[in-house]
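See below for the structure under consideration.
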Amino acid sequence: MRRNIVAGNWKMNLGFEQADDLVNLIAEKLDEVETETIVIVCPPYPYLELTSDLASESNFYAGAQNVASFDNGAYTGEVSAQMLASMNIEYCIVGHSERRKYFNESNQDIATKVNLLLKNGIRPIFCCGEVLEERDADKHFDIVKNQVIESLFSLTGEEILDVVIAYEPVWAIGTGKTATGAQAQEMHAYIRSLLTEKYGKEVSDEISILYGGSCNPKNAKELFANKDVDGGLIGGAALNADDFLAIIASF
Ligand code: 13P
């Protein structure tokens, strides 16, 4: 169902003590606020149990940042969707641009992961977005269209309802260069139009599309005010409890 969502992607940051402090602080502060927004915290794997234990007693969810593209077995170093499900993890980021860039993940690999997650009852937070050269060459719509079609469009109308989409223009990630509200709205509306074409309006209206890329307490309001922007996938600003909470309060 379409809901406002703010998800924090901690990426590969923080030692155990810092992670413990941060997630406890987020839980405490969240307990003091009333919000309809779904809040998700995605720490590195070693801190997932800690996060999920706290989440189960508080009003947020724990999410993973990645999942293996295989079922359980001899794949040293990998973590399967079955394992995440066995820990009651409800969300998992897939297709982040950093995974596409540094780990050569293809749209097909991401489709495999999306399918494995859904099969195990975990909601994928599917990331898409263009690099700067693609935007400069006016190819951003085609790039995002391909990513969405190749990774998601083998799903049924029922399955896609469990997917959260995050539009993260790569040029805005970690650069301090945020997309304007208008740029985000334009791409989000386009993604929704693709979903409408494939699955119909009733389905596309129910899918949350988040914005990610240098989103912070200063610009979150402008971004979230747009009708097709249903929240954010937050990197750097999610490492500070006050900033993260301020973003959650920006609807
Ligand atoms: P920043 O908010 O640090 O730009 O990162 C965004 C992101 O990649 C979230 O997945």
Side-chain angles (χ1 to χ4, degrees), residues 4-14 18-19 22-23 26 37-45 47-48 51 60-67 89-103 105 110 113-114 117 122-132 134-135 140 143-144 147-148 151 163-181 183-184 187-188 191 208-224 226 229-251:
N4 289 335
I5 299 175
V6 172
N9 175 10
W10 290 6
K11 308 191 180 184
M12 197 172 74
N13 289 297
L14 308 181
Q18 293 166 300
L22 178 58
V23 72
I26 290 170
T37 300
I38 293 184
V39 178
I40 308 166
V41 175
C42 305
Y45 283 139
Y47 316 145
L48 208 43
T51 304
F60 70 98
Y61 296 91
Q65 295 177 17
N66 181 36
V67 68
I89 301 302
E90 281 162 283
Y91 291 89
C92 179
I93 298 169
V94 271
H96 194 281
S97 59
E98 288 147 18
R99 299 230 37 107
R100 295 175 188 265
K101 179 176 173 188
Y102 300 120
F103 303 95
E105 285 190 11
I110 296 158
K113 293 183 177 198
V114 165
L117 288 169
I122 301 168
R123 298 195 160 100
I125 302 174
F126 165 78
C127 302
C128 55
E130 79 286 357
V131 299
L132 188 59
E134 291 162 344
R135 178 163 280 261
H140 44 303
I143 294 294
V144 170
Q147 292 172 336
V148 169
S151 298
V163 176
V164 175
I165 297 177
Y167 169 57
E168 298 205 311
V170 182
W171 47 270
I173 296 178
T175 57
K177 215 162 113 189
T178 323
T180 62
Q183 283 174 321
M187 184 58 87
H188 285 222
I191 294 170
S208 301
I209 307 178
L210 317 183
Y211 168 80
S214 297
C215 184
N216 60 44
K218 290 205 183 84
N219 57 33
K221 252 198 177 78
E222 190 212 323
L223 288 160
F224 298 174
N226 294 284
V229 179
D230 305 306
L233 181 54
I234 320 298
L239 297 172
N240 176 294
D242 287 327
D243 286 351
F244 191 52
L245 266 286
I247 292 171
I248 294 163
S250 297
F251 286 100

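Hydrogens, waters and symmetry mates play no part in the numbers below; they use all other heavy atoms, side chains included. As the structure is a prediction and not an experimental result, all values here were calculated from the model. Counting from 1, the numbers follow the sequence of the chain as shown. In each ligand, atom 1 is the first atom listed, and ligand 1 is the first ligand listed.
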Original post:
What protein heavy atom is closest to atom 5 (O) of ligand 1, reported as residue, atom name and distance in Å?
Top reply: Lys11 NZ, 3.3 Å
Original post:
For atom 9 (C) of ligand 1, what's the nearest protein heavy atom and its distance?
Top reply: Glu168 OE2, 2.9 Å
Original post:
If you look at every heavy atom in Ser208 and Asp230, which pair is closest and at what distance?
Top reply: CA-OD2, 3.4 Å
Original post:
Among all protein non-hydrogen atoms, which one is nearest to atom 2 (O) of ligand 1, and what is the separation to 0.1 Å?
Top reply: Gly235 N, 2.9 Å
**OP:** Could you go through the side-chain contact (heavy atoms from CB on, under 4.5 Å) check for Ile40 and Arg123 one step at a time?
**Re:** CA-CA 11 Å; Ile40 308 166; Arg123 298 195 160 100; over 6 Å; no
Original post:
Nearest heavy-atom pair of Ile89 and Ala64: which atoms, and what distance?
Top reply: CG2-N, 3.9 Å
**OP:** Look only at interatomic distance and state if Ile234 has a nitrogen or oxygen under 3.5 Å from any nitrogen or oxygen of ligand 1.
**Re:** no
Original post:
How does Ala172 reach ligand 1, if at all, at less than 4.0 Å between non-hydrogen atoms: by side chain, backbone, both, or neither?
Top reply: backbone
**OP:** Please work out whether the ring planes of His188 and Tyr167 are parallel, tilted or perpendicular, with thresholds of 30° and 60°.
**Re:** perpendicular
Original post:
Are any of the N/O atoms in Gly212 less than 3.5 Å from those in ligand 1?
Top reply: no
Subject >> Proximal atoms of ligand 1 relative to Gly213 (non-hydrogen, under 4.0 Å) >> reply: 4 (O), 6 (C)
Original post:
When you look at Trp171 and Glu130, which way does the side-chain contact (heavy atoms from CB on, under 4.5 Å) test go after all the steps?
Top reply: CA-CA 8 Å; Trp171 47 270; Glu130 79 286 357; 2.8 Å; yes
**OP:** In sequence, state the C-alpha distance, the side-chain angles, and the governing distance for Arg100 and Val131, and then conclude on side-chain contact (heavy atoms from CB on, under 4.5 Å).
**Re:** CA-CA 11 Å; Arg100 295 175 188 265; Val131 299; over 6 Å; no
**OP:** Please verify whether a non-hydrogen atom of Ser214 lies at under 4.0 Å from ligand 1.
**Re:** yes
**OP:** Name the closest protein heavy atom to atom 3 (O) of ligand 1, giving the residue it belongs to and the distance to 0.1 Å.
**Re:** Gly236 N, 2.8 Å
Original post:
Which pair of non-hydrogen atoms, one from Ala238 and one from Leu22, has the smallest distance, and what is that distance?
Top reply: O-CD2, 3.8 Å
Subject >> N or O contact, Ile173 vs ligand 1, cut-off under 3.5 Å >> reply: no
**OP:** Taking all non-hydrogen atoms of both residues into account, name the closest pair between Ile93 and His96 and its distance.
**Re:** CG2-CB, 4.2 Å
Original post:
Taking both backbone and side-chain atoms of His96, is any N or O found less than 3.5 Å from an N or O belonging to ligand 1?
Top reply: yes
